[in-house]
Amino acid sequence: MTTDSPAAAQRVEPGDEGLAERRSKLARLRRDGVDPYPVGVRVSDSLAAVAERFAGRLQAGEDSGERVRVAGRLVLRRGHGRLAFLVLREADAELQVMAQSHVLGDDGMARVADLDVGDWVAAAGPVVRTRRGELSVSATEVTLLGKALRPLPDKWHGLRDVETRYRQRHVDLAVNAEARRVFTVRAAVIRALRAELDARGYLEVETPLLHPIPGGALARPFVTHHNALDLDLYLRIAKELYLKRLVAGGLPRVYEIGRVFRNEGLSTRHNPEFTMLESYQAYADYTDVMELTQALVQRAAREATGATTVTVDGADVELGGTWTRRPLLELVRTATGRDELGYDADPRLLRDVAASHGVKAEDGWGAGKLVLELYEKLVEHTLREPTFVTDYPVEVSPLARRHRSDPHVTERFELIVGGRELANAFSELTDPDEQRERFEAQARARAGGDTEAMPVDADYLRAMEFGMPPMGGLGIGVDRLVMLLAGVPSIRDVILFPTLRPEPGA
RNA sequence: GGGUCGCUAGCUCAACUGGCCAGAGCAUCCGGCUCUUAACCGGACGGUUCAGGGUUCGAGUCCCUGGCGACCCA
């Protein structure tokens, strides 16, 4: 808590010279006994409620006689001497306030004239339509609720500079309707995912963010330290291993929507912290999960956008209907034109084909990893319509159950839409002995320098040894789903405060 | 990590192949106006051109180093 002294009112920080005018207004208000940051001012209606209630009502020049008290940010002011029009905004609702000196008096009018665009303002008075037909509050009282010391961006052009939009989201949201739209879509998507899972009898749970052993995905973790236990802990890279413990504990359907953290680079599609939905269902396999995934995405699309068609890179993509399923190996064979490719094929053949497509194979890579790399290089970005790519190699799927009819691959799929991965799912591996072998293979890769490979998690293995039902698990990248449904190209557009380098000198 | 592009007033943008005092609109301030809709009219204020170094008679512009960001690639 700081109390502004007269000295503070006079203080002008370097680079803040433009604030001097507003600071002197602030000082003047305080001198006149006006609290520029008051508390306890109630409103009778939101701006949206007034606009809705009077839509289509009142003739031009008519007074409803109904008094309201409304509030919002002052975004526009038009002065006419002894008359002034103010426009208040709250979210996407705007309402005009008419201030007249014969109502407010000279003092009241002078205080209205002292308001700046950006100030938070309350106005009380009857709802009227002006002679020109604009719904307005004819103010008998105007109250400053919060003085703005910094000016808002240009009223017409808004804020364009993307860096400032991300760094100062409060300004972006205040002036850019598009930013508000995207985050409204985001909320609708998450609401729809929850509603569908709740309706299907899934229990929403919360599992730890701090993990003693990072697991559940192939990724580098953030490390932190607990002082009292003198213990290194890791921010979770996935929720998988805890959620599966819950199914083992007898909760047949669970899900969690929450942040996960991966210590990786930044890009249009990657933010170090992002939101993932994970769900697990006992007695289900990956084909059941396909049905669930399709239902979740389609419901989110309908409820967030009112349609099942989205636009990706300028082309329409239809999310409705039943989605295609294609095995990974088949896609790679088609893309390379090499039907002899397979997980049993001569490893030199795969390495040659990989090299001929510009995939630089590393030493420890087996057939499965090579096929996956070829798929990511040649195929993934070409899959525009929703596609379940199925049957990923065992080598790159340490937590997925081996396929019931092909030992080289797992019962796993990824959902690709618009060339981008949206979901990853499998029939879960529930055999503790095989899981131990998989972990050990991962540990060898880790020893060989693969920093994303999983460490052995003995506690998880012990949990498995108590017995697990067969289950199907799903992970959906919520940010990417929002990007798709909101039609924006960068993950930073769907995360309110994306990770950025600190500003120099900040 | 590599490449390309960008950074000019609070905001949105100008400024020719290096050449007059770096301009405009909005915002702000002063004056006018009781029905505006980005109100309008008159006037004023506003700059470390991202930072530092270099080339030049002269740098927003060319060169080097660094910062931050966007896009593409790995």
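Convention: sequence-line order gives letters A, B, ...; per-chain numbering from 1. The figures that follow rest on heavy atoms only: side chains count, while hydrogens, waters and symmetry mates do not.
- As rounded to whole Å, 7 Å separates atom C1' of C35(B) from atom CE of M98(A).
- Counting atom types as modelled, D154(A) pairs a side-chain N or O with a base atom of G25(B) as donor and acceptor under 3.5 Å.
- Comparing G158(A) and Q100(A) by the nucleotide of RNA chain B that holds the closest heavy atom to each, the one mapping nearer the 5' end is G158(A).
- Here U37(B) is the nucleotide among U37(B), C35(B), C68(B) with the atom lying nearest to any side-chain atom of E134(A).
- Taking every side-chain heavy atom of P151(A) into account, G10(B) is the closest of A38(B), G10(B), C29(B).
- R131(A) comes within 4.0 angstrom of a base, heavy atoms only.
- The nucleotide U37(B) finds no pairing partner, because no Watson-Crick or G-U wobble arrangement with both distances shorter than 3.5 Å includes it.
- In the set U37(B), C71(B), A39(B), the nucleotide with an atom closest to the side chain of H80(A) is A39(B).
- Nearest to the side chain of E163(A), among C11(B), U34(B), G69(B), sits G69(B).
- OP1 or OP2 of C68(B) lies within a sub-4.0 Å distance of a side-chain N or O belonging to R501(A).
- What separates CG of L86(A) from P of C35(B) is a distance of 16 Å, to the nearest Å.
- As the counterpart of U61(B), no nucleotide is assigned, since no Watson-Crick or G-U wobble pattern has both distances under 3.5 Å.
- For R22(A), the side-chain atoms get nearest to U28(B) when compared with the rest of U28(B), A39(B), U37(B).
- Within the 4.0 angstrom heavy-atom criterion, base atoms lie near R82(A).
- Minimum interatomic distance between V488(A) and E178(A) (heavy atoms only, all atoms of both residues): CG1-OE2, 4.0 Å.
- In this structure, R169(A) fails the cation-pi test against F497(A), since its NZ or CZ atom is not both closer than 6.0 Å to the six-membered ring centre and inside 45 degrees of the ring normal.
- Atom OH of Y166(A) and atom C1' of G6(B) are 15 Å apart (whole Å).
- In this structure, E163(A) pairs ionically with R167(A), as a charged nitrogen and a carboxylate oxygen lie closer than 4.0 Å.
- Side-chain atoms of R167(A) lie closest to C68(B) of the nucleotides C35(B), C29(B), C68(B).
- Not a single donor-acceptor pair under 3.5 Å links the side chain of R420(A) to the backbone N or O of E380(A).
- At whole-Å resolution of the value, NE2 in H157(A) and P in A24(B) are 17 Å apart.
- Looking at heavy-atom distances under 4.0 Å, R165(A) makes no contact with the nucleic acid at all.
- Dashed line: the shortest gap from a side-chain N or O of K155(A) to OP1 or OP2 of G25(B) is not under 4.0 Å.
- Pair assignment for C7(B): G67(B), on the basis of Watson-Crick or G-U wobble contacts that are both within less than 3.5 Å.
- At a threshold of 4.0 angstrom between heavy atoms, the contacts of T268(A) are confined to the sugar-phosphate backbone, with no base atom among them.
- If you check C68(B), A74(B), U34(B) against the side chain of L83(A), the one that comes closest is U34(B).
- Between L266(A) and A113(A), the residue anchored nearer the 5' end of RNA chain B, judged by the nucleotide with its closest heavy atom, is A113(A).
- Here R269(A) does not reach the OP1 or OP2 of C71(B): none of its side-chain N or O atoms lies under 4.0 Å away.
- Counting non-hydrogen atoms under 4.0 angstrom, L76(A) reaches the backbone sugars and phosphates but no base.
- Among the atoms of the strands shown, base atoms are found under 4.0 Å from some heavy atom of G79(A).
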- Go through the steps to decide whether R129(A) and E62(A) satisfy the test salt bridge (Lys or Arg N to Asp or Glu O under 4.0 Å), and finish with yes or no. CA-CA 5 Å; R129(A) 268 195 201 280; E62(A) 188 181 350; over 6 Å; no

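- With C29(B), U34(B), U37(B) as the choices, the nucleotide that has an atom nearest any side-chain atom of Q96(A) turns out to be U37(B).
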- Walk me through it: do R338(A) and E340(A) pass the test salt bridge (Lys or Arg N to Asp or Glu O under 4.0 Å)? CA-CA 5 Å; R338(A) 305 287 288 264; E340(A) 69 273 31; 3.0 Å; yes

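- Note: NE2 (H270(A)) to P (C73(B)) measures 13 Å, nearest angstrom.
- Under the Watson-Crick or G-U wobble criterion, with both distances below 3.5 Å, C21(B) is left unpaired in every strand shown.
- Checking the phosphate oxygens (OP1, OP2) of C13(B), a side-chain nitrogen or oxygen of R160(A) falls inside 4.0 Å.
- With U34(B), A74(B), G69(B) as the choices, the nucleotide that has an atom nearest any side-chain atom of S101(A) turns out to be U34(B).
- Partner assigned to A44(B) is U28(B), using Watson-Crick or G-U wobble distances below 3.5 angstrom.
- Classification of the W323(A)-F388(A) ring pair by plane angle, with boundaries at 30° and 60°, yields tilted.
- When the nucleotides U28(B), C71(B), U34(B) are ranked by their closest atom to the side chain of S490(A), C71(B) comes out on top.
- Atom NZ in K360(A) sits roughly 10 Å away from atom C1' in C73(B) (whole-Å rounding).
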